[in-house]
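What follows is one structure encoded as structure tokens, with my remarks underneath.
Throughout, a chain's letter reflects where its sequence line sits, starting with A, and its residues are numbered from 1. Everything numeric in this text was worked out from a predicted model, so none of it was measured.
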Protein chains: 2
Amino acid sequence: MNQHSPMPVVNPFERFAAAILPAGVAPDVRARFQSLARHAVADAGGAPLEHQEQDQIVFVASGATKLVARASLGREQIVAFHFAGDLVSLPARGRHSYSLVALQRSEFLSFCATDFLASAQDASCITNEILRRSLVSLWRCREKSITLGRKTAQERLASFLATMADRIGVPHDGGCVLDLPMSRRDIADSLGLTIETVSRQFTILRDLALVETTGRSTVTLTDIPALEDRAGHLPVAA
Amino acid sequence: MNQHSPMPVVNPFERFAAAILPAGVAPDVRARFQSLARHAVADAGGAPLEHQEQDQIVFVASGATKLVARASLGREQIVAFHFAGDLVSLPARGRHSYSLVALQRSEFLSFCATDFLASAQDASCITNEILRRSLVSLWRCREKSITLGRKTAQERLASFLATMADRIGVPHDGGCVLDLPMSRRDIADSLGLTIETVSRQFTILRDLALVETTGRSTVTLTDIPALEDRAGHLPVAA
DNA sequence: CGTCCTATTGAGTACGTTCAAACCCAGTGG
DNA sequence: CCACTGGGTTTGAACGTACTCAATAGGACG
């Protein structure tokens, strides 16, 4: 997929601390989190955190992941994508077995949720940060509900590309270049479509000159405003 | 709609305090929340919290509500239902205008999210409670993503009824009686279907003797295990 | 009892799926 | 360096589920 994704030089816990812990955190609090953290690495396709019996809080130190729910019979739904620096809330496996799967070689720090929150009791700004990020996840999930419930195939793909541009896009003279770590199947499983439909919609957007595709994973968005027009959002002035 | 839904005798703030604030909360903290709370009442169809420019935290003191997102062209998606005792996180209107709409006469306490969290700084168990509830909302929203992305119309309705049985069902000799506060249109807008399709699926479930319907809003689930079999967790043919 | 609005039922259509084949890119070995 | 191989992707044709449009039936209100 990606040729030798560079293994980060920085200690994963340093990344976690920089992203989540407040600047002037007490050393003992920091040490407590360090002792709770479990480090894990996974190659593409790997699910290093299976068999969890308790709710987990997982920090993605590097790489990219999908949070997958299996409905039945190979019917999969990708509930969210997460990238380096993101925090994932992973419930103990319940009715639908959720699992976090790496899209690339990725590093994780996982915490037992209850231990984590107990340790955050003192420093309320940590809990606030977790809450803030959880609300962002909730907001994204609600957006996804709109996409899955009320949008056409083309609107779904356009929305997806616009969202990915925000999250992992690299601006490039007016447009935006995406190096998508996920396959067509992943995109389909995220958008509630089939690979064939995703492919057809890519073709249409290509014919409309809104995107260009290079190889399997590189997508260039040449006209983001037009793409967002096709994403089925409510026009602001309506 | 409902004949004079009884106005609760208990003070809405008392309900809020009982649900959210810890038992032995300091009187001044309690007073601070009381001063932040804005009280609102809405009849069925009313949206008392529109035009918010800031993120809100809303406590549903009584009644039942839908959280609606408008995509475009009258395409609506109901993102969540909330009932008495629930807490709703309502973002400032962004790209998709969300609004909280009452299904029945309902009472609300709304807080500015930043003020609320600032007041909860001292009492970390309050923040924890908000976080806990936000994660429940996130978990429900993920379940909804599976439903909207990968389930058939029949599975969607079966899932919906099973979920509602958990949340507002009244057990009744082996089965469960539901007095649904939402219309067929609301159900359709929640499940990403049309009213006609919802109606047809109700007919099928009725013919299968899994549910009985009485009037417009009362549904009796006579065979919950069979209903959950049809909810798409695992299909019959395998 | 009559009116209005919601819900149900029916017929035809459309969008996305399914099944199947061709194509292309990346990795491997000659 | 290039052909070969294999999985991911694209394209094509037929099908099916849910949608649209339209009419009827049923509840809730005056």
Helical stems, DNA chain C - three or more consecutive Watson-Crick or G-U wobble pairs below 3.5 Å: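 Stem segments, range with range: C:1-30 with D:1-30.
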A/T152 OG1 to A/L157 CG distance, which is reported to the nearest 0.5 Å: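 Rounded to the nearest 0.5 Å, the OG1-CG separation comes to 10.0 Å.
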Worked verdict on B/D86 versus B/R167 for salt bridge (Lys or Arg N to Asp or Glu O under 4.0 Å): CA-CA 11 Å; B/D86 286 348; B/R167 294 183 71 183; 3.0 Å; yes
Please check if any side-chain donor atom of [X] sits under 3.5 Å from a side-chain acceptor atom of [Y], or the reverse.
X      : Y      : value
A/S99  : A/R70  : yes
B/T197 : B/T194 : yes
A/S190 : A/K144 : yes

Between the protein and nucleotides 1-3 of chain D, which nitrogen or oxygen pairs come in under 3.5 angstrom?
none

B/R150 CZ to C/dT17 C1', straight-line distance once rounded to whole Å: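 Rounded to the whole Å, the gap is 11 Å.
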Under 4.0 Å protein heavy-atom contacts per nucleotide of nucleotides 3-16 of chain C, with B for base, S for backbone only and - for none: --BBSBBBB----S
Ionic contact status for A/D189 with A/R75, cut-off 4.0 Å: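 Answer for the salt bridge query: no.
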B/F202 six-ring face occupied by B/R184 cation (under 6.0 Å, within 45°):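 Checked: cation-pi criterion met.
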Which atom of A/Q77 lies closest to which atom of B/I146, heavy atoms considered: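 Smallest interatomic distance, heavy atoms only, reads CG-CA, 3.9 Å.
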Minimal non-hydrogen separation, A/L227 against A/A158, with atom names: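 Closest approach of A/L227 to A/A158: O-CB, 3.6 Å.
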Test of ring centre spacing under 6.0 Å for A/F16 and A/F111: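 A/F16 vs A/F111: aromatic centres under 6.0 Å.
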